[in-house]
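For ligands, and for the atoms within them, numbers begin at 1 and follow the listed sequence.
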Amino acid sequence: MALKNLSIVLFALVAVSQTNAFPQYGSLGGLKARQEVDEPSSPLPPPPPAPPSFTGAKLVDDEDHPWMPLQSGDIRGPCPGLNTLASHGYLPRNGVASPSDMIKAVQEGFNMETQAARVAAYSAHLLEGNLVTDLLSIGGKTSLTGPDPPAPATVAGISNHGSFEGDASMTRIDAFFGDHTVFNQPLFDQFVDFSNRFGNGFYNYTVGGELRFHRIQQSIETNPQFSIRGFRHLTAYGEAAFVANIFVDGRKTGADAHHLDMDSALSFFRDMRFPQGFFRPSSPTAGEGADIIFAAHPTQPGSNNGAVNSFVVDTSMGGLTDPCTFYVQFVSTTIPALYPNPTGVLRRNLIINLGFLYDALSPPNCPQLFPYGQN
Ligand code: HEM
């Protein structure tokens, strides 16, 4: 698949629009309505929310979505985008949401491109959400997602290392070294340093290319368990592009477009907060530029084999340039390992969510697979 298309499809994989029309969530989240999940009457997972009708720039740091500090029990995790949306009430402020909530919120608050939003939300939900209650944590495991399905399903939230969350993040340390979900000041200092050296004080695709490569090298040299395979290979490049695409104020055009200033970066990464008066991007966007970031220093998927500096290329799980292999591996190995023998509503909802993922990802020349049948 051409890298150009890839930027659109992925994460590096890729409504209403009036200011007042988007709901502001309170702190209880969506569980209450879905709490009493009774197998026979359990509602079908809803179809993906439609793309918004207005997709231009607009003020999203608005009076209906005030930033609020965390309350006791509120959950946050490794994604600065979802953290920010929760802290402004575009997502339930407690950090527990349905995939539909997430798709609506990332489209509304960040103008994230629809297919990319769906790929991200459904893959995260399939990996670490509760498929019966239709709820997912944007951080760690919580009882707020409802009763767990049988092990080996984890339902551990997007913070769970090794499924969606992975190594070589720009502002989070590798799980091998400690809490991989929280903002890390030395890594942010490095982000600033690279932006100064390669971007004249701004983060852009050029900086992304250098920093992404450097973070991978740092992990190869220090983390014996370092891994960047399959989905993580794809998201690592995609997220490096998001920073230049989605965190830059939508009123910036020309030479200012795709250039992120450091105060704004800190606001998102550390404070989980829109810069004051922030406008979302002027058109739907996601992983555009991931191809540029990759091309600066192409690194194939792979991992260390238990010792530092032992990196071995491993393309068996796909990656940025091979979404079909990622899809096949995800559907035929990763998900069945979590759900080897699902029954009832769980099986039904697995089938439905895998269908949503395939429709959004549309991997070229890659037939849909049905590990649990079709109905
Ligand atoms: C449903 C949508 C989304 C899901 C499920 C999701 C999930 C995640 C996860 C699990 C990570 C951790 C990956 C890692 O190990 O570094 C992550 C990181 C990241 N996400 Fe999101 N995300 C979503 C939307 C967004 C949006 C709208 C943005 C806006 C810019 C964003 C920006 C980022 C960035 C920049 C990182 C990397 C942080 C770092 O490297 O320090 N994400 N996301």
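Close N/O approach between Ser169 and ligand 1 is found [any backbone or side-chain N/O within under 3.5 Å]. Residue contacts with ligand 1: Gly166 is placed with a nitrogen or oxygen under 3.5 Å of a nitrogen or oxygen of the ligand (distance criterion only).
Using a 4.0 Å cut-off between heavy atoms, Thr171 contacts ligand 1 through both its backbone and its side chain. The proximity of Phe268 to ligand 1, defined as any non-hydrogen pair under 4.0 Å, does not occur for either the backbone or the side chain. Within the 4.0 Å heavy-atom criterion, neither part of His180 lies near ligand 1.
Of the listed residues (Arg212, Glu128, Met112), the one carrying the non-hydrogen atom nearest atom 27 (C) of ligand 1 is Met112. One option in Met170, His125, Arg280, Glu165 has a heavy atom closer to atom 39 (C) of ligand 1 than any other, and that option is Met170. Distances from atom 33 (C) of ligand 1 to the heavy atoms of Ala241, Ala120, Pro80, Ala240 put Pro80 nearest. Of the candidates Phe191, Phe188, Phe242, it is Phe242 that places a heavy atom closest to atom 32 (C) of ligand 1.
The main-chain N or O of Val155 is found under 3.5 Å from a side-chain atom of Lys141 such that the two form a donor-acceptor pair.
The closest approach between Leu82 and ligand 1 falls below 4.0 Å for a heavy atom of the residue. Not a single heavy atom of His161 lies less than 4.0 angstrom from ligand 1.
Using modelled atom types, one finds no donor on one side chain facing an acceptor on the other under 3.5 Å when comparing Arg229 with Ser316. For the residue pair Asp174/Asn223, the side-chain donor-acceptor check at 3.5 Å is satisfied. Between Gln218 and Gln190, the side chains place a donor N or O and an acceptor N or O closer than 3.5 Å (distance only, hydrogens not considered).
Those atoms of ligand 1 with a heavy atom of Ala124 less than 4.0 angstrom away are 5 (C). Against a heavy-atom cut-off of under 4.0 Å, Arg232 is close to the following atoms of ligand 1: 13 (C), 14 (C), 15 (O), 16 (O). Remark: ligand 1 atoms within the under-4.0 Å shell around heavy atoms of Phe110 are 27 (C). Every atom of ligand 1 with a heavy atom of Val243 under 4.0 Å away is listed here by number and element: 35 (C). For ligand 1, the atoms sitting less than 4.0 Å from at least one non-hydrogen atom of Ala121 are 1 (C), numbered in the order shown with element in parentheses. Listed by atom number, the atoms of ligand 1 under 4.0 Å from Ile158 heavy atoms are 7 (C), 10 (C). Below 4.0 Å from some heavy atom of Pro78 lie the following atoms of ligand 1, by number and element: 12 (C), 18 (C).
The CZ atom of Phe279 sits 10.5 Å away from the NZ atom of Lys58 when rounded to the nearest 0.5 Å.
In this structure, Phe177 shares a hydrophobic cluster with Ile173, Phe176, Leu187, the cluster being traced through Ile, Leu, Val, Met, Phe, Trp and Tyr side chains under 4.5 angstrom apart. Applying the under-4.5 Å side-chain rule to Ile, Leu, Val, Met, Phe, Trp and Tyr, the cluster around Val308 consists of that residue alone.
Contact record, Glu288 with Asn245: O-ND2, 2.7 Å, taken as the closest heavy-atom pair.
Between Phe188 and Phe191, the two ring planes are parallel [angle under 30°; tilted spans 30° to 60°].
Under a 4.0 Å N-O distance rule, the pair Glu239/Arg232 qualifies as a salt bridge.
Annotation: cation-pi pair Arg347/Tyr372 absent, no NZ/CZ under 6.0 Å from the ring centroid and within 45° of its normal.
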